[in-house]
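Have a look at this one.
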Protein chains: 4
Amino acid sequence: MPDGDLTERRRQEITAAAFKVFAERGYHATGIADIARELGFGHGTFYRYFANKRDIVTHVIEVAIQRIVAAVGAESPDLADTAEEYHAQLQRIGRGLYDLFIDDPQLARIFFFESGGVDQELTERMLETTELFGSLTEPYLRNGVEKGFLRADLDVPVTARAINGMIIAGALAAFRADDSAAARDRWVKSAADLIINGTRTRAATEEGQLPPRSTAATA
Amino acid sequence: MPDGDLTERRRQEITAAAFKVFAERGYHATGIADIARELGFGHGTFYRYFANKRDIVTHVIEVAIQRIVAAVGAESPDLADTAEEYHAQLQRIGRGLYDLFIDDPQLARIFFFESGGVDQELTERMLETTELFGSLTEPYLRNGVEKGFLRADLDVPVTARAINGMIIAGALAAFRADDSAAARDRWVKSAADLIINGTRTRAATEEGQLPPRSTAATA
Amino acid sequence: MPDGDLTERRRQEITAAAFKVFAERGYHATGIADIARELGFGHGTFYRYFANKRDIVTHVIEVAIQRIVAAVGAESPDLADTAEEYHAQLQRIGRGLYDLFIDDPQLARIFFFESGGVDQELTERMLETTELFGSLTEPYLRNGVEKGFLRADLDVPVTARAINGMIIAGALAAFRADDSAAARDRWVKSAADLIINGTRTRAATEEGQLPPRSTAATA
Amino acid sequence: MPDGDLTERRRQEITAAAFKVFAERGYHATGIADIARELGFGHGTFYRYFANKRDIVTHVIEVAIQRIVAAVGAESPDLADTAEEYHAQLQRIGRGLYDLFIDDPQLARIFFFESGGVDQELTERMLETTELFGSLTEPYLRNGVEKGFLRADLDVPVTARAINGMIIAGALAAFRADDSAAARDRWVKSAADLIINGTRTRAATEEGQLPPRSTAATA
DNA sequence: CATGAATGAGACTTCATTCAT
DNA sequence: GATGAATGAAGTCTCATTCAT
């Protein structure tokens, strides 16, 4: 396999093309020839840059994971000092993720649908990634618990993963939505409200004047 | 294709065998011969009961969906009259689902990993099912809103789907847990707490003595 | 892979066809499709009876070896009691082998030319076979030494292999000869004479009136 | 294709490298890139010096043949005047050949195993070479017949080729021997004895005191 | 001259599906 | 109805060869 900067650029080109074709037709329905055709070169060329079909799918998935991680990693876990700030942060993250999947629907398809169904090893990799996302979410909760605006008895690891589950649901919703902007706002608001109300302390609730805490039922 | 009761029994046998083998090796790695061998008959016989390989996977997924729906459908949406009852109901449902996936890990594998990766149509079917689960969860929330123990301004459809996302996360967690009973209890508690606290009215919070509403931070 | 008598017959058919095609075009120039075409069936069928291309060549070579062994094995090592009888026996064996290769030129091609050039393992197998032929020739010499008509100081193992070398040369000669019957007789006579005169005791020489022991030079 | 002395040197370098690599991995398992890598240049360069892969193997085989011919050609056919001298000459030739193959096992591999398996034409070339060796051996016998120490009725062409067959056997033995020096001496002695005793006149036998003519059986 | 990126013919192999028995 | 032998489309991968730089 050749080296150098040009080679790396070529590998990225191929990975991008494979990303697209896998998302469109699915891993198994895609032939190496399809990837090559997408870029307009002979299929033999593919093998100059990747060892085999299994090799490219690994790279494609890895790119997908990196993109998602990058979208989440824009925020800092200890940024929020109050429930309000956390609530705002949740919405920023949610909106970012939602937009990510809206702008690149292939990303969702690759990550959610294609990473299963290839083989045991890749399925395992996806579960590990789920775990990684879990551990990335934990610090946000821990920050809130330590600063006293989230419940002290929160089961942080489990709650973190439950929250991620909502994100997954959001991503799938993004996948089907017609009016994506409106859907995003409804979805982000509901999820953020659910999380903030479900996790903050009573004290935080009473002090703040958070919009989600409806008083309608008390009237 | 043969008719009669015996035929239907045979189809179910094959579906069950396919369910098992698909879960173990994955759809694409499984041959028709593997399914037939599992049941000890010739693989030509398979085609007397199903049109083709694509046909059987549809049935397998359908069985998986039915099993999950059955587990959820044991409860009645309008059973709960108070936040406490809803909280208890949430835990019953959660525990039921968790146990379902623990008792039958193949179910999770089929539904989460294999229903992607086959083709566009089946992926679509899985998304529809996600929608179905969303609409099955809605009545529980609507019941609470109507009876006044859940927030009136709840975006019911969206929140229902967010809650389902937590369930998905729980199912995936079940998939990896070592001590399943302990994991289940932690998981169900956290998710139910998150939901109840995130969705109920302030009045309901103040009246009831719900365990999750920590007072530690107020001390 | 299917079993039964019919299956075995099919395997033999395919082996025979492969034998022919390998001999005609050589192992590497032959595709599985060529073997299948020879028998008039689809190339996929080949794989019902043999695991892969390497598998069939093993069988083909083994058949070739068996045929040669069978041709040699017709004689019994302890049959000859005198140099004359041994001389006659040598000619019978030589004629048998020569005819074998004349009747089936493919046999020589397979054994001498194709068994090298496939891979290390098969080359090794051919060398082992050469060894086997060596050990099959030894008893003939040992018989003669024990009965006193061959030289007592004969290095039996080495001489046996040297004799086999002549046989190889004869086989190659058979390969090129125009008038095969005449070539055979000249060749068998010369080789048998060379061997008998080269190995017998002086006593045996003087007693017998063997034709090869020319007296021309003494005149 | 470039010309000049330097070009010729390059061609020889490549031929030598190909010789080595073909011997190690076999013709079909060797890629042009393997040859180029052996010399540390780009594989495209190969095609400036040889037309194609088939072209280089021709040259490699030719080199192998030349080396063997050179080893045999060191002797002069009319050097021997008596059976004793011929016997000594046989041993010199035999020892030379044996050492040639011991010192350069690749030579044997190329000539015996790789010249088969390539294609019809090269196989033909090897058979022609066998013929050449036959005609190279003939003069030695003819010399003996003319000078009267070899049997007058010897079928010179055929016997020459039979003798060559022993040489082939010796070369293959060299290929497998553990203690090459000891194996060589045993082998050369046996073959030379077999030949001299098998070809000389009775008169020559009685006059000379050749060691191989055992008298043990006459006692 | 040297290079190595690109190419595509072609070989192997699998397996869903058909169909005669 | 059951079977499994036969099939060939289709896919992966290799590598000799070309040719622009």
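Proteins get letters first, then strands, A, B, ... in listed order; numbering begins at 1 in each.
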message: If the threshold is 4.0 Å, N to carboxylate O, is there a salt bridge linking Arg67(C) and Asp104(C)?
response: yes
- prompt: Given that Gly42(A) and Ile32(C) both sit by DNA chain E, which one's nearest nucleotide is further toward the 5' end?
  reply: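 The 5'-side residue here is Gly42(A).
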Arg10(B) side chain, from C-beta outward: closest of dT17(E), dT7(E), dA2(F): dA2(F)
field: Distance, rounded to the nearest Å, where Phe50(C) contributes CZ and dT14(E) contributes P
entry: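 Going from CZ in Phe50(C) over to P in dT14(E) covers 15 Å.
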query: Given that Gly44(D) and Ala33(A) both sit by DNA chain F, which one's nearest nucleotide is further toward the 5' end?
result: Ala33(A)
- prompt: Over how many whole Å does the gap from Asp55(B) atom CG to dT18(E) atom C1' extend?
  reply: 16 Å
query: Which nucleotide in the set dA6(E), dT12(F), dA2(E) lies at the smallest distance from any side-chain heavy atom of His43(D)?
result: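 Looking only at side-chain atoms, His43(D) lies closest to dA6(E).
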- prompt: Of the nucleotides dC12(E), dC1(E), dC13(F), which one has an atom closest to the side chain of Tyr47(C)?
  reply: dC12(E)
- request: Using whole Å, report how far CG of Leu6(B) lies from C1' of dA2(F).
  value: 13 Å
- prompt: Does the side chain of Phe19(D) reach to within under 4.5 Å of the side chain of His59(D), using non-hydrogen atoms?
  reply: no
- request: Starting at atom CZ of Phe46(C), determine the distance to atom C1' of dT14(E), rounded to an integer number of angstrom.
  value: 14 Å
- prompt: Taking the side chain of Lys53(D) as its heavy atoms from C-beta onward, which of dA6(E), dT17(F), dC13(F) lies nearest to it?
  reply: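 Selected nucleotide (nearest to the side chain): dT17(F).
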- prompt: Taking NE2 from His28(D) and P from dA11(E), how many angstroms apart are they, rounded to a whole number?
  reply: 12 Å
field: Nearest listed nucleotide, side chain of Phe41(A), among dT3(E), dA2(F), dT7(E)
entry: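 Nearest nucleotide to the side chain: dT7(E).
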task: Using whole Å, report how far CZ of Arg37(B) lies from C1' of dA2(F).
output: 17 Å
- request: Decide yes or no for Phe41(C) and Ile14(C): does some side-chain heavy atom of the first lie under 4.5 Å from some side-chain heavy atom of the second?
  value: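 Heavy-atom side-chain distance check passes, below 4.5 Å.
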- request: Would you tell me whether Thr7(D) and Arg11(D) have side-chain atoms, one donor and one acceptor, within less than 3.5 Å of each other?
  value: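 Side-chain D/A pair, Thr7(D) to Arg11(D): absent.
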message: Assuming nearest nucleotide by heavy-atom distance, tell me which of Gly40(B) and Arg54(A) is located more 5' along DNA chain F.
response: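 Here Gly40(B) is the residue nearer the 5' end.
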- request: Answer yes or no: does a side-chain N or O of Thr45(A) lie under 4.0 Å from OP1 or OP2 of dT7(E)?
  value: yes
- request: Starting at atom CZ of Arg9(D), determine the distance to atom C1' of dC1(E), rounded to an integer number of angstrom.
  value: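 The distance from CZ of Arg9(D) to C1' of dC1(E) comes to 16 Å, rounded to the nearest Å.
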- prompt: From dA6(F), dT17(E), dA16(F), pick the nucleotide closest to the side chain of Tyr49(C)?
  reply: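 Looking only at heavy atoms from C-beta outward on Tyr49(C), the closest nucleotide is dA6(F).
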query: Does Lys53(A) count as lying over the ring of Tyr27(A), i.e. NZ or CZ under 6.0 Å from the six-ring centre, within 45 degrees of the axis?
result: yes
task: May I ask you to say what Gly31(B) touches in the nucleic acid, namely base, sugar-phosphate or nothing, with a heavy-atom cut-off under 4.0 Å?
output: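 If one applies the 4.0 Å heavy-atom cut-off, Gly31(B) turns out to touch the sugar-phosphate alone, with no base involved.
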statement: Scanning all shown strands, the Watson-Crick or wobble mate of dT21(E) with both distances under 3.5 Å is dA2(F)
query: Are the charged groups of Arg109(C) and Glu114(C) less than 4.0 angstrom apart, N to O?
result: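 A salt bridge is absent here (no side-chain N lies under 4.0 Å from a carboxylate O).
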field: Ile35(D) CD1 to dA2(E) C1', straight-line distance once rounded to whole Å
entry: 17 Å
task: Would you tell me if any nitrogen or oxygen in the side chain of Arg48(A) comes within less than 4.0 Å of OP1 or OP2 on dC15(F)?
output: no
